[in-house]
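Scroll down for the structure; my scribbles are underneath it.
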Number of protein chains: 2
Amino acid sequence: MQRIIIETPDSLSAILVGARWEAVTKLLPQGDVVIVTDANLFNLYGNRFPRFPVLKLKPGEDSKKLPVIQKLTTEMLRLGFDRTVFILAIGGGVVCDVAGFLASVYMRGVRCGYISTSLLAQVDASTGGKTGVNLGRIKNVIGTFRQPEFVICDTTMLRTLPDTEYMSGLAELIKTGLIGDRSIIDILENNQAAVLGRDRELLTDLVARSVRFKASVVAKDEKEGGIRRILNFGHTFGHAIELHQSVPHGFAVAAGMEIAARFSLEKKYIGVKVYDRIIRLLRQYGFHGEFKVTPRRVRELISHDKKKSGDMISFVFLKGIGKAEVKKLPVDEIVGFYSNFRDL
Amino acid sequence: MQRIIIETPDSLSAILVGARWEAVTKLLPQGDVVIVTDANLFNLYGNRFPRFPVLKLKPGEDSKKLPVIQKLTTEMLRLGFDRTVFILAIGGGVVCDVAGFLASVYMRGVRCGYISTSLLAQVDASTGGKTGVNLGRIKNVIGTFRQPEFVICDTTMLRTLPDTEYMSGLAELIKTGLIGDRSIIDILENNQAAVLGRDRELLTDLVARSVRFKASVVAKDEKEGGIRRILNFGHTFGHAIELHQSVPHGFAVAAGMEIAARFSLEKKYIGVKVYDRIIRLLRQYGFHGEFKVTPRRVRELISHDKKKSGDMISFVFLKGIGKAEVKKLPVDEIVGFYSNFRDL
């Protein structure tokens with residue numbers, strides 16, 4: 001088990017990678033606890049949950065909305081919970097985002113912790129304290145920055161993950177390797193069978209590397225004023241593709257990374273060898289970018305991007321394997337580049 | 001003009017008492033600004049608002065709900081605002097609570113400031129950083145702690161306030177005097193004509209005293225873990241009365257203070273002379289407590305109180321004029337006392 005601490009000005013968050021999720025009972029306070037999960041996870045693990053009231057979400061992104069927050073709040077009140085309650089999220093990104101937001105605003109803030117059950121959430125979503133709900137198709141437009149007290153990443157739970165979701169998580173793992181920890185890239189290139197076989201030890205090592213890198217970034221810049229933006233590598237186009245083509249998050253990010261790598265090549269921030277290596281790795285894990293979204297639609301979707309300020313947008317380029325840099329670019333230049341890229 | 005600074009671990013908030021509201025333009029940033037107000041205030045002052053987009057709420061407590069937050073977010077997106085936007089609230093408690101909450105969660109947090117237009121908001125609601133919306137009849141159950149960058153308290157604006165709202169604010173002023181600054185009580189006792197005549201200079205002095213006391217409390221305990229609870233003096237019963245009898249907040253708090261003063265007398269925390277002085281002041285300003293809410297209903301309403309933990313509730317007693325103390329009591333004892341009090 002590896003213990004990684006994220007320290008921000010007003011919180012201390014412990015990420016426990018490779019711990020058994022059942023050990024959560026040792027981390028919970030004496031008083032009231034409520035579990036937030038989704039129906040799928042409840043079916044898989046519910047009979048082993050600690051004995052506390054359970055609030056179940058419908059699985060899927062559609063649960064990330066304000067009316068769900070309102071419903072959960074109503075149920076919490078009905079159960080008589082005051083501001084001493086502890087919210088335990090057991091689930092992937094959707095469950096953690098919703099439960100974390102609920103914990104930020106229920107009675108102006110209560111304690112919370114996560115058991116993170118998907119690869120995507122383990123390597124990315126549940127670390128770093130971003131919470132949020134969507135508004136229609138605009139993602140995470142209502143939310144907070146709020147660190148959970150702990151995140152348990154039990155890599156044995158990844159065995160029950162549907163293939164698509166597992167692959168989706170691998171894309172975020174590739175992202176972390178490309179922007180910050182090149183050893184992740186080496187491991188992914190050289191251990192394909194073990195990765196696809198969901199080898200527990202290897203996954204614990206990979207998730208821990210990813211979390212450690214992310215923790216170092218978040219500790220420097222919790223609220224994404226600067227350096228934290230590099231975590232959005234592949235996400236500018238990724239979000240547009242995700243919305244437009246309705247592909248899972250990781251697949252969209254993989255396609256977004258392909259575009260961003262190409263853009264980095266064109267800008268001469270990386271050479272052809274590095275570029276080829278990135279594309280080879282993406283293909284090795286089955287990511288074949290499809291770029292159906294039109295430049296016009298990209299422009300529209302980018303206009304709601306939280307990384308935008310005025311007509312400029314912060315775009316993340318690669319400067320090598322394991323090295324990223326944020327640059328402000330006019331939206332026009334980004335759309336223009338994409339337009340040419342698609343015509344290739 | 002008096003400038004009072006509230007410093008918390010992660011913010012600095014300037015309360016400007018007696019400033020002219022039109023001077024707000026000097027405090028606003030260069031970029032995008034959006035104004036949140038209500039229809040009444042827009043009718044009174046809208047033609048002199050700085051030239052920015054205006055989002056109008058329906059006046060009244062019913063605007064404090066999540067669907068309104070959702071609607072405002074939709075309009076902000078439609079207007080193209082990113083996380084660099086500054087939200088300027090112009091209004092009383094409802095407008096500031098809603099706009100402050102919106103600022104806490106829009107794109108995970110944007111900047112904000114208030115022009116506080118009601119006496120209630122100037123002496124209490126807009127200082128201290130509590131934001132929130134209601135859920136049905138349960139008040140402020142969804143919200144955050146979040147300091148605005150500035151609060152302008154222009155006491156000339158109080159001239160357009162309906163009488164009931166003005167009186168409602170006086171009750172909170174009496175509260176601050178009783179729990180923390182006895183000079184407020186002296187002034188109120190000896191200057192009834194000027195107070196009721198809404199004398200600008202006197203009001204500026206009174207509001208500044210109230211804000212100064214509140215700022216000192218909030219700086220010590222922003223998130224209401226301890227000392228800040230004394231600000232809830234009169235509010236345990238006040239909230240129950242407000243909900244049950246549908247009286248304005250201040251009138252309910254005045255009735256709640258009367259009960260709490262009586263409870264303090266019974267506990268021998270204050271003597272008869274102090275008690276009589278409090279009741280005399282309340283009567284002087286027209287607060288004649290009516291206690292229609294039943295003990296049974298009080299128990300029910302208290303069970304949703306954010307000051308509750310388990311079966312105990314933090315109750316604020318007086319120990320003299322200008323001196324309060326929080327004690328944890330069983331809910332049973334509070335309901336029992338109220339039951340006897342009503343039978344007197």
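Residue numbering restarts at 1 for every chain, and letters A, B, ... go by the order of the sequence lines. Only this structure's heavy atoms are used, side chains among them; waters, hydrogens and symmetry mates stay out.
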Let me know if [X] has heavy atoms under 4.5 Å from chain B in its side chain, its backbone, both or neither.
X: A:Phe101; value: side chain
X: A:Lys65; value: neither
X: A:Ile138; value: side chain

Top residue by heavy-atom pair count (under 4.5 Å) with chain A, among B:Asp10, B:Thr131, B:Leu102, B:Ile69?
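Among B:Asp10, B:Thr131, B:Leu102, B:Ile69, the one with the most close pairs to chain A is B:Thr131.
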
Selection from B:Leu77, B:Val85, B:Thr84, B:Asp32 maximising heavy-atom pairs under 4.5 Å formed with chain A:
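Looking at each of B:Leu77, B:Val85, B:Thr84, B:Asp32 in turn, B:Leu77 comes out on top.
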
Side chains of A:Val141 and B:Tyr106: closer than 4.5 Å at any heavy-atom pair?
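SC-SC contact between A:Val141 and B:Tyr106 confirmed.
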
What's the separation between atom [atom1] in [X] and atom [atom2] in [Y], rounded to the nearest 0.5 Å?
X: A:Arg146; Y: B:Thr144; atom1: CZ; atom2: OG1; answer: 11.0 Å
X: A:Asn140; Y: B:Met107; atom1: CG; atom2: CE; answer: 10.5 Å
X: B:Thr73; Y: A:Leu135; atom1: OG1; atom2: CG; answer: 6.0 Å

Please evaluate residues A:Glu224 and B:Arg108 with respect to the criterion salt bridge (charged side-chain N to carboxylate O under 4.0 Å, His left out), reporting the C-alpha separation (whole Å), side-chain torsions for both, the decisive distance (0.1 Å), and the verdict.
CA-CA 10 Å; A:Glu224 200 167 296; B:Arg108 297 200 183 94; 5.9 Å; no

